[in-house]
Amino acid sequence: MAESSKSGKSRSSRVVNSVNEKAQGILREDLHIVKGVAYQALQSKAYLYPIKGIVYFLSHKNLWKPFTSKIGSYLTLSAGVIGGMFAFTYLPQLAVLVFTSGPLAVFSTVLLVLNESSTITNMISRNWILQQSILDTFDGTLISRNAVNMVREGREVKSGSDPMKRLGKTLKSPFTKFSPTAIIRYIMYLPLNFIPVVGTAVFLFLQARTRGTLVHGRYFQLKNWSAAQRRDWLEKHTGAYTAFGFVATLLEMVPVANIFFTYTNTVGAALWAADIEELNTNMTDETAPTLREAAKNLQ
């Protein structure tokens with residue numbers, strides 16, 4: 001009887017050890033992936049493009065029209081969402097986070113509510129209010145960078161010097177909308193905020209990765225890439241798109257100013273696409289083989 005009990009405990013111990021070993025292996029693998037993504041993000045310097053977008057937007061007034069035409073409706077939406085979220089969700093979430101984050105709960109809850117508000121506002125505005133104006137901003141920025149042939153793949157382009165006035169009828173559907181999968185993933189990640197500091201940082205990182213996959217939706221469309229080509233490209237450059245998405249997400253979390261950053265991030269994404277096409281980044285080897293071969297022939 002005693003031997004049977006010892007045998008049972010021994011088997012249980014082996015099972016527990018086996019599970020622990022597998023868990024440690026998965027953790028090591030995930031940490032390795034995160035390190036690789038972080039290294040790729042730093043190497044890509046894609047995190048600079050949201051900042052470049054701000055500078056470029058401010059210095060090119062001809063790109064302002066889509067922004068100024070929608071600022072009123074967007075600010076109304078944003079103020080309503082942020083006000084409602086703080087009024088109805090701040091205290092309940094703070095009450096939960098106090099038990100896990102202690103004194104840092106106030107800071108973590110503010111970040112969480114701002115992130116939730118930003119996500120809701122982006123979801124509504126990009127699907128209805130801002131969809132066409134953001135598309136025009138992206139295409140107009142490409143034209144200002146002389147990427148006219150690329151834009152012609154998705155819309156009519158008129159003659160002239162003003163990039164916004166050159167935009168004609170849209171021939172292809174606009175940016176990818178928020179998918180149900182992205183919404184489900186966002187809800188699944190929310191509990192990470194219960195982990196003090198680190199959990200909030202990881203949550204923002206995961207949001208940044210999702211945000212990053214959307215920034216070049218129009219670019220891929222203009223390149224006529226299939227879903228498989230887009231997926232392969234994004235997997236190869238996860239770090240770069242996560243870096244862009246992280247900075248873009250932080251900027252769009254700023255109350256009131258988030259509409260401004262929504263447009264500057266769009267400009268930054270278009271500048272990045274233009275640079276890829278002009279052989280100015282290390283990502284071009286896979287995006288513009290024709291241009292690469294032409295460059296070699298000129299040497």
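These values consider heavy atoms only, across backbone and side chains, with no hydrogens, waters or symmetry-generated copies.
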Exercise for review: Start with the C-alpha gap between Gln229 and Phe220, add the side-chain angles, then the distance that decides, and say whether side-chain contact (heavy atoms from CB on, under 4.5 Å) holds.
Suggested key: CA-CA 9 Å; Gln229 286 175 304; Phe220 299 149; over 6 Å; no

Review point. If only atom types and distance count, is the side chain of Asn127 paired as donor or acceptor with the main-chain N or O of Met123 below 3.5 Å?
Key: yes

Check your understanding: Minimum heavy-atom separation for Thr238 to Arg209, with atom names?
Key -> CG2-CD, 4.1 Å

Review point. Do the side chains of Val106 and Phe88 join up, straight or via other hydrophobic residues, at under 4.5 Å, putting them in one cluster?
Key: no

**Study point:** Sub-4.5 Å side-chain heavy-atom contact between Tyr241 and Thr213
**Key:** no

Point to revise | Glu278 bridged to Arg145 by N-O distance under 4.0 Å | key: yes

Exercise for review: Flag the pair Val98 / Leu94 as yes when at least one side-chain heavy-atom distance between them is below 4.5 Å, and no otherwise.
Suggested key: yes

Exercise for review: Specify whether Phe57 and Phe260 have parallel, tilted or perpendicular ring planes, treating 30° as the upper limit for parallel and 60° as the lower limit for perpendicular.
Suggested key: perpendicular

Check your understanding: Taking C-beta and beyond as the side chain, do Glu156 and Arg166 meet within less than 4.5 Å on heavy atoms?
Key -> no

Practice item. Could you state whether Val256 and Val81 fall into the same hydrophobic cluster, counting links through intermediate Ile, Leu, Val, Met, Phe, Trp or Tyr residues with side-chain heavy atoms under 4.5 angstrom apart? Key: yes

Practice item. Would you name the heavy atoms of Lys158 and Leu167 that are closest together and state the gap between them? Key: CE-O, 4.0 Å

Exercise for review: State plainly whether the residues Glu252 and Arg211 are in salt-bridge range, i.e. N to O under 4.0 Å.
Suggested key: yes

Revision key, fill the gap. In terms of heavy-atom contacts, Val267 and Gly53 come closest through CG1-O, 3.8 Å

Practice item. Mind checking the CG-CZ spacing from Leu222 to Arg152? Nearest 0.5 Å is all I need. Key: 12.5 Å

Review point. Taking atom CG of Asp136 and atom NZ of Lys70, what is their separation to the nearest 0.5 Å?
Key: 9.5 Å

**Study point:** Residues Leu114, Phe86; criterion side-chain contact (heavy atoms from CB on, under 4.5 Å); working and verdict
**Key:** CA-CA 9 Å; Leu114 287 176; Phe86 271 99; 3.9 Å; yes

Study note, to complete from the structure: Heavy-atom nearest pair, Leu142 first then Ala273, reads CD2-CB, 4.4 Å

Review point. When clusters are formed by joining ILVMFWY residues with side-chain heavy atoms under 4.5 Å apart, either directly or through shared neighbours, do Tyr47 and Val254 land in the same one?
Key: yes

Review point. Just how far is it from atom CD of Gln207 to atom CE of Met253, taken to the nearest 0.5 Å?
Key: 10.0 Å

Point to revise | Residues Tyr49 and Asn265: side-chain donor-acceptor under 3.5 angstrom | key: no

Point to revise | Any side-chain heavy-atom pair of Asn115 and Phe203 under 4.5 Å | key: yes

Review point. When Ser78 is tested against each of Asn258, Thr262, Thr121 for side chain to side chain donor-acceptor pair (under 3.5 Å), which residue passes?
Key: Asn258

Check your understanding: Heavy atoms, side chains only, cut-off 4.5 Å: are Met85 and Leu112 in contact?
Key -> no

Point to revise | Lys/Arg N to Asp/Glu carboxylate O, Lys65 vs Asp162, below 4.0 Å | key: no

Review point. Would you call the rings of Trp272 and His216 parallel, tilted or perpendicular, where under 30° means parallel and over 60° means perpendicular?
Key: tilted

Check your understanding: Does any N or O in the side chain of Gln221 come within less than 3.5 Å of the main-chain N or O of Gly217, such that one atom is a donor and the other an acceptor?
Key -> no

Practice item. Determine whether Ile134 and Phe67 make a side-chain contact, defined as any pair of heavy atoms from C-beta on separated by less than 4.5 Å. Key: no

Review point. Looking at side-chain heavy atoms only, is the closest gap between Asn122 and Leu130 below 4.5 Å?
Key: no

Practice item. Please assess Thr266 against Thr141 for the test side-chain contact (heavy atoms from CB on, under 4.5 Å), listing each intermediate value before the final yes or no. Key: CA-CA 9 Å; Thr266 300; Thr141 303; over 6 Å; no

Exercise for review: Would you sort out whether Lys172 and Arg218 count as a side-chain contact (heavy atoms from CB on, under 4.5 Å), showing the intermediate values?
Suggested key: CA-CA 10 Å; Lys172 290 184 179 178; Arg218 177 60 168 175; 4.1 Å; yes

Check your understanding: What is the minimum heavy-atom distance between Thr249 and Gly245, and which atoms define it?
Key -> OG1-O, 2.6 Å

Exercise for review: Find out if a path of hydrophobic residues (ILVMFWY) with successive side-chain heavy-atom gaps under 4.5 Å connects Leu75 to Ile124.
Suggested key: yes

Practice item. Tell me, please, whether Tyr56 has Lys52 positioned over its six-membered ring: NZ or CZ under 6.0 Å from the ring centre and within 45 degrees of its axis? Key: no

Revision key, fill the gap. OG (Ser117) and CG (Leu77) are apart, to the nearest 0.5 Å, by 10.5 Å

Point to revise | pair Trp64-Tyr263: side-chain heavy atoms closer than 4.5 Å | key: no

Study note, to complete from the structure: Residues Val247 and Ile51: closest non-hydrogen pair is CG1-CD1, 4.4 Å

**Study point:** Same cluster (ILVMFWY, side-chain, under 4.5 Å), Leu58 and Ile71
**Key:** yes

Review point. Just how far is it from atom OG of Ser59 to atom CD1 of Ile54, taken to the nearest 0.5 Å?
Key: 11.5 Å

Review point. Nearest 0.5 Å, what's the CZ-NZ distance between Arg155 and Lys169?
Key: 11.5 Å

